[in-house]
Amino acid sequence: MTRSGTPQIWDIFCRVVDNFGDAGVCWRLARLLRQEHDLPVRLWIDDLKTLQELHPGLDPEASVQSCAGITVCRWPQAGLPEPEAAVIIEAFGCGLPEEWVARMAQTARPPLWIILEYLSAEDWVDSHHGLSSPHPQLALPRYFFFPGFTPLTGGLLREADLLPRRDNFDTAARDAFWNELGFDAPQVSAASLFAYADAPVAALLSAMAADARPLVLAVPEGPLLAIVRSWLGAEARTGQGPWRRGALEVRALPFLPQEQYDELLWACDFNFVRGEDSFVRAQWAGKPLVWQPYRQDDGAHQRKMAAFLARYCSELASPAVDALRGFWRGWNEGSVDLAPAWHDFRSEVADLAGHAREWTTRLADGGELAAQLVEFARRKVK
Ligand code: TRH
């Protein structure tokens, strides 16, 4: 991506709304553009503490720093760039600072302005991906770039070596992963739990404990772990555990660096995930997943879940499909009694595992988001 022979900078602008996904997606995209497309990338982000949890090598106080080959600019402390960039990616429609937009409008050749949208499996995404809309006041075109699950969308973020690394994550690697965290490798099925605090956690834990089939449940540090500790009682107020209740063994994990989180997903037999980035990573892990979409007041999260299930379940037969839909529904609707749905889901995990691997293969045939962004920019920037 060059103009006049010099590689032009790609600026990614990210405002952390809440949680980790805004920073998580932008950091992953920045690394892909830098490492797999050799592009100079600046990540402008307003919350370095959140980004540091994903990438512990980051200095949360620095205004500007280089990390993994990416220039990380703490906004607004780092000021604003001269619009030398060839491409500006406005993450999740967060809105660029007005002064930045004004500067862009004054340059002879303003950067290509791309708004990276949230992920959805809904059908309308196909016809909206890549459309442009001018800035309401200035002669600046903006292009809407949608991640997605079809060839008519921008695809999903995926590192070139992700699936080979996943496939090479063998029993020895899995054992080493658990040992590094202070645990023996589970000798029974294992699951990871990453969800929002409003999930029906007590109902889930009770169902897991009462089930006849033993399970190890790994819970990374966060508000959800506090709820799990409370359910377990006084002995679990601190420490890593493990704590046992009936068939259930609970392990407390630290919040893992983003790259290590993939290993947790690979080390488990199925995974509870949420939001956007962990949702995608769990699909790449090729294991059965239980998704809790980020709740939205207008019910958009319910439409997003229905749309994804329509795609994901299109080639899944009964009873596996009924068990998956039933458990996802109970998990997202906050059922007070998850035991029947959990029992059915657990009974179908083997069939769901085969389906999860096939789904990953289908996804891998689709476009990769960073590469499609680069191709899109190449076509637009003459
Ligand atoms: O944290 P999230 O709920 O982020 C959300 C969603 O992105 C949502 O779409 C968005 O609207 C909202 O933020 C503002 O869930 P998500 O997207 O899965 O991001 C979590 C990130 O944290 C992801 O990159 C995985 C990473 N992670 C780790 O790196 N280590 C961990 O131990 C865990 C549990 C997660």
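Along the sequence shown, residues carry numbers from 1. Ligands are counted one by one from 1 in listed order, and the atoms in each one are counted from 1 as well.
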Could you tell me whether [X] approaches ligand 1 through its side chain, its backbone, both or neither, with non-hydrogen atoms closer than 4.0 Å?
{"X": "F92", "result": "neither"}
{"X": "D18", "result": "both"}
{"X": "L54", "result": "side chain"}

Checklist entry - Got the closest protein heavy atom to atom 24 (O) of ligand 1, with its distance? => result D277 OD2, 2.6 Å
Checklist entry - In the protein, what heavy atom is nearest to atom 9 (O) of ligand 1, and what distance, to one decimal place, separates them? => result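 Checked against all protein heavy atoms, atom 9 (O) of ligand 1 sits closest to E276 CB, 3.6 Å.
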Checklist entry - Does R251 make a cation-pi contact with W178 (under 6.0 Å, within 45 degrees of the axis)? => result yes
Item to check | Y312 and F308 aromatic ring geometry - parallel, tilted or perpendicular at 30°/60° bounds | outcome: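 Geometry flag for Y312 against F308: parallel rings.
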Checklist entry - Would a line drawn from the ring center of Y118 to the ring center of Y294 be shorter than 6.0 Å? => result no
Item to check | W124/F146 aromatic ring centres below 6.0 Å | outcome: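 For W124 and F146, the ring centres are under 6.0 Å apart.
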Checklist entry - Where do A356 and K287 come nearest, in terms of heavy atoms and distance? => result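 Scanning both residues completely, I find the closest heavy atoms to be CB-C, 3.4 Å.
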Checklist entry - Heavy-atom distance to atom 35 (C) of ligand 1: which of W27, F255, F20 wins? => result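 The residue whose heavy atom sits nearest atom 35 (C) of ligand 1 is F255.
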Checklist outcome for this item: Per salt bridge (charged side-chain N to carboxylate O under 4.0 Å, His left out), R281 is matched among E159, E276, E259 by E159
Checklist entry - Does an N or O anywhere in D22 fall below 3.5 Å from an N or O of ligand 1? => result no
